[in-house]
Amino acid sequence: MEINLVSDTVTKPSNEMLQFMFKAKVGDDVYKQDPTVNELEAAVAQLFGKEAALFFPSGTMANQTAIKLHTNPGEQIICDKYSHIYHYEGGGASFNSGVSCCLVDGKRGMITADLVREAINDPEFYHAPLTSLVSIENTTNKGGGACYDISELKKIKEVCVEHNLKYHLDGARLWNAMVAKKQHPKQFGELFDTISVCLSKGLGAPIGSILIGSAADMKRALRIRKIFGGGMRQAGYLAAAGMYALQNNILRLEEDHRRAKELGELLKTLSWVEKVEPVETNILIFSVRPSLEDKWVIEKLKQKSIFISSMGHGKLRIVTHLDYREVMHSYVMEALSKIKF
């Protein structure tokens, strides 16, 4: 039995999801003639109370499209220093849109309205890049699955309106945040100009993300997606997996959160663990004692067919997901408790 806790992207479609995919009605989505893609886009747009949505092969492409929508070359994005758009999208903001990132020193990947206000460049000072976009990540990946309070997001929105800035949400794991904090999609739809959500992480679809926004923005996004090479033909088979995931796999995220929290509580009791970050959702980040190397822990777990990942600097990451069943959870708990150094 191999237990992969490197990421929640490692899940495979269930038999029920596969059957749902096989039965999908499809067409050519490049011509916007795939009925299942159209149905998924309409459903997600309605869920968030926005006018339109667009299906993408990846969350990175959805985020990069949003950046392209809201900025011009030479301008600047405000985001947390841990942001996915900065660390894990291949420098796409500079390559695709010719913009730079003003990195804010937030807490566990989360920034505040005050930090945003301080980071805005004076638009009359032409020596500095023009600030045009604020990008938020919820939940935060490098921040250990931390979730924003709606109240702070509203305060940041007020700053954006005051300074005529666009507001984007990288919501790859927004489903986890909404379940953990009992929030509703329309609360986010009311605040953000664009939102990207992933179907292939906690929800277990094999591929796909959705970008949500106004009808005008999604019309422009369609052209940008084409330029990025994101047009797909009979994509309804993939969209069907997303529809199944939305209908069946959101509420069960609570199980992933519970298991991650139980792992965190166990790790706090182990002598070789230096620190465990607070666990809110399905991401658990912990660090080992300074005298140890994180690769030693990885290797000991690998010998027991348990796979986790290193984030560098002695930090390790565990991500729970729908393919991580209770029997696996018991095995991992026991394996961790028996590790000695």
Any idea how F192 and F188 line up, ring-wise: parallel (<30°), tilted (30 to 60°), or perpendicular (>60°)?
parallel

Just verifying a value: how many Å separate E124 CD and L130 CG, rounded to the nearest 0.5 Å?
9.5 Å

Regarding E280 and R108, does a basic nitrogen lie under 4.0 Å from an acidic carboxylate oxygen?
yes

Quickly, which of L40, L246, I195, L47 forms a side chain to side chain contact (heavy atoms under 4.5 Å, CB included) with I210? Name it, please.
L40

State, without any angle test, whether H321 and T11 hold a side-chain donor-acceptor pair at a distance under 3.5 Å.
no

If hydrophobic clusters are built by linking Ile, Leu, Val, Met, Phe, Trp and Tyr wherever their side-chain heavy atoms come under 4.5 Å apart, do V279 and M328 end up in the same one?
yes

Tell me whether V327 is reachable from L263 by hopping between hydrophobic residues (I, L, V, M, F, W, Y) whose side-chain heavy atoms are closer than 4.5 Å.
yes

Tell me if the CG atom of D122 is crowded by more than 12 foreign heavy atoms within 6.0 Å.
yes

State whether a side-chain donor-acceptor pair under 3.5 Å links H329 with E262.
yes

Counting N and O atoms only, with roles assigned by atom type, does the side chain of W272 sit under 3.5 Å from a partner on the main chain of I339, one being a donor and the other an acceptor?
yes

For T131 and H163, test the side chains for any donor-to-acceptor distance below 3.5 angstrom and give the result as yes or no.
no

Look at atom CZ of R258 and say whether more than 12 heavy atoms of other residues, nucleotides or ligands are closer to it than 6.0 Å.
yes

Do K268 and E265 sit within salt-bridge range, that is, some charged N less than 4.0 Å from a carboxylate O?
yes

Side chain to side chain contact (heavy atoms under 4.5 Å, CB included) evaluation trace for Q64 with F228:
CA-CA 9 Å; Q64 291 300 311; F228 285 168; 3.9 Å; yes

Residues E190, K154; criterion salt bridge (charged side-chain N to carboxylate O under 4.0 Å, His left out); working and verdict
CA-CA 9 Å; E190 292 168 355; K154 288 180 178 179; over 6 Å; no

Heavy-atom distance under 4.5 Å between the side chains of C102 and I77, does that happen here?
no

Under 3.5 Å, side chain of R225 to main-chain N/O of A62, donor-acceptor pair present?
no

What distance do D256 atom CG and D323 atom CG have between them, rounded to the nearest 0.5 Å?
9.5 Å

Between K300 and F341, the two heavy atoms sitting closest are CE-CE2, 3.4 Å

Shortest non-hydrogen contact between C160 and K166, atoms and distance:
SG-O, 4.3 Å

Where the side chain of Y244 meets the backbone of S14, is there a donor-acceptor pair that is under 3.5 Å apart?
no

Output, in order, the C-alpha distance, side-chain angles, deciding distance and verdict of side chain to side chain contact (heavy atoms under 4.5 Å, CB included) for I308 and V6.
CA-CA 4 Å; I308 67 173; V6 168; 5.6 Å; no

Which atom names give the shortest non-hydrogen contact between S305 and M1, and what distance separates them?
CB-O, 3.3 Å

Tell me whether L203 is reachable from L251 by hopping between hydrophobic residues (I, L, V, M, F, W, Y) whose side-chain heavy atoms are closer than 4.5 Å.
no

Tell me whether Y167 shares a hydrophobic cluster with I150, the cluster being built from Ile, Leu, Val, Met, Phe, Trp, Tyr side chains joined at under 4.5 Å.
yes

Distance (rounded to the nearest 0.5 Å) between Q46 CD and E41 CD
14.0 Å

N141 backbone acceptor or donor facing E137 side chain under 3.5 Å:
yes

Out of curiosity, does M110 fall in the hydrophobic cluster containing V134 (side-chain heavy atoms, cut-off under 4.5 Å, transitive links)?
yes

Heavy-atom pair of closest approach, residues T71 and S132
CG2-OG, 3.4 Å

Treating H184 as the side-chain partner and K186 as the backbone partner, does any N or O pair qualify as donor plus acceptor under 3.5 Å?
yes

Would you check if the side chain of K68 reaches a backbone N or O of S97 as a donor-acceptor pair within less than 3.5 Å?
no

Rounded to the nearest 0.5 Å, what separation is found between the NZ atom of K157 and the CD atom of E152?
15.0 Å

Does either side chain, that of Q234 or that of D28, offer a donor lying less than 3.5 Å from an acceptor on the other one?
no

Near R252 CZ, under 6.0 Å, is it more than 12 heavy atoms from other residues, nucleotides or ligands?
yes

Exactly one candidate in N63, T60, T194, N138 meets side-chain hydrogen bond (donor to acceptor under 3.5 Å, both in side chains) with D170; the answer is N63

Are the side chain of D217 and the backbone of G213 linked by a donor-acceptor contact shorter than 3.5 Å?
no

Which heavy atom in L211 sits nearest to a heavy atom in A66, and how many Å separate them?
CD1-CB, 4.1 Å

K25 atom NZ, over 12 foreign heavy atoms within 6.0 Å
no

Test log, rule side chain to side chain contact (heavy atoms under 4.5 Å, CB included), inputs I298 and F307
CA-CA 7 Å; I298 290 174; F307 298 86; over 6 Å; no

I'd like to know if K338 and E334 make a salt bridge, using a cut-off of under 4.0 Å between side-chain N and carboxylate O.
yes

Between the side chains of N176 and T139, does any donor sit under 3.5 Å from an acceptor?
no

Under the 3.5 angstrom rule, does the side chain of D34 hit a backbone N or O of T36 as a donor-acceptor pair?
yes

Do T140 and D80 come close enough that some side-chain heavy atom pair is under 4.5 Å?
no

Above 12 or not: heavy atoms from other molecules or residues under 6.0 Å from NZ of K181?
yes

Measure the shortest side-chain to side-chain distance between I3 and Y324 over non-hydrogen atoms and say whether it is less than 4.5 angstrom.
yes

Quiz: residues 282-292 side-chain donor-acceptor pairs under 3.5 angstrom, not counting sequence neighbours:
| from | atom 1 | to | atom 2 | distance (Å) |
| --- | --- | --- | --- | --- |
| N282 | ND2 | D8 | OD2 | 2.9 |
| N282 | ND2 | T320 | O | 3.1 |
| R289 | NH1 | S271 | O | 3.0 |

Does any non-hydrogen side-chain atom of P185 lie less than 4.5 Å from one of M178?
yes

When you check the side-chain N and O atoms of Y82 and H87, is any donor under 3.5 Å from an acceptor?
no

Interatomic spacing from CD in Q183 to OH in Y148 - rounded to 0.5 Å
12.5 Å

Does a sphere of radius 6.0 Å around CZ in F20 hold more than 12 heavy atoms from other residues, nucleotides or ligands, not counting ones at 6.0 Å or beyond?
yes

For N72, is there any backbone N or O sitting under 3.5 Å from a side-chain donor or acceptor partner on E75?
yes

Smallest separation among heavy atoms of L322 and G204, with atom names
CD2-CA, 3.7 Å

With rounding to the nearest 0.5 angstrom, report the NE2 to NZ distance, H257 to K261.
7.5 Å

Taking the side chain as every heavy atom from C-beta outward, state whether Y88 and K142 have any pair of such atoms under 4.5 Å apart.
yes

With side chains defined as the heavy atoms from C-beta onward, is the minimum distance between S209 and S196 less than 4.5 Å?
no

Side chain to side chain, V104 and V116, heavy atoms closer than 4.5 Å:
no

Return yes if some donor-acceptor pair links the side-chain N/O of R173 with the main-chain N/O of G145 below 3.5 Å, else return no.
no

Kindly indicate whether the side chain of V44, heavy atoms from C-beta on, has any atom under 4.5 Å from the side chain of I212.
yes

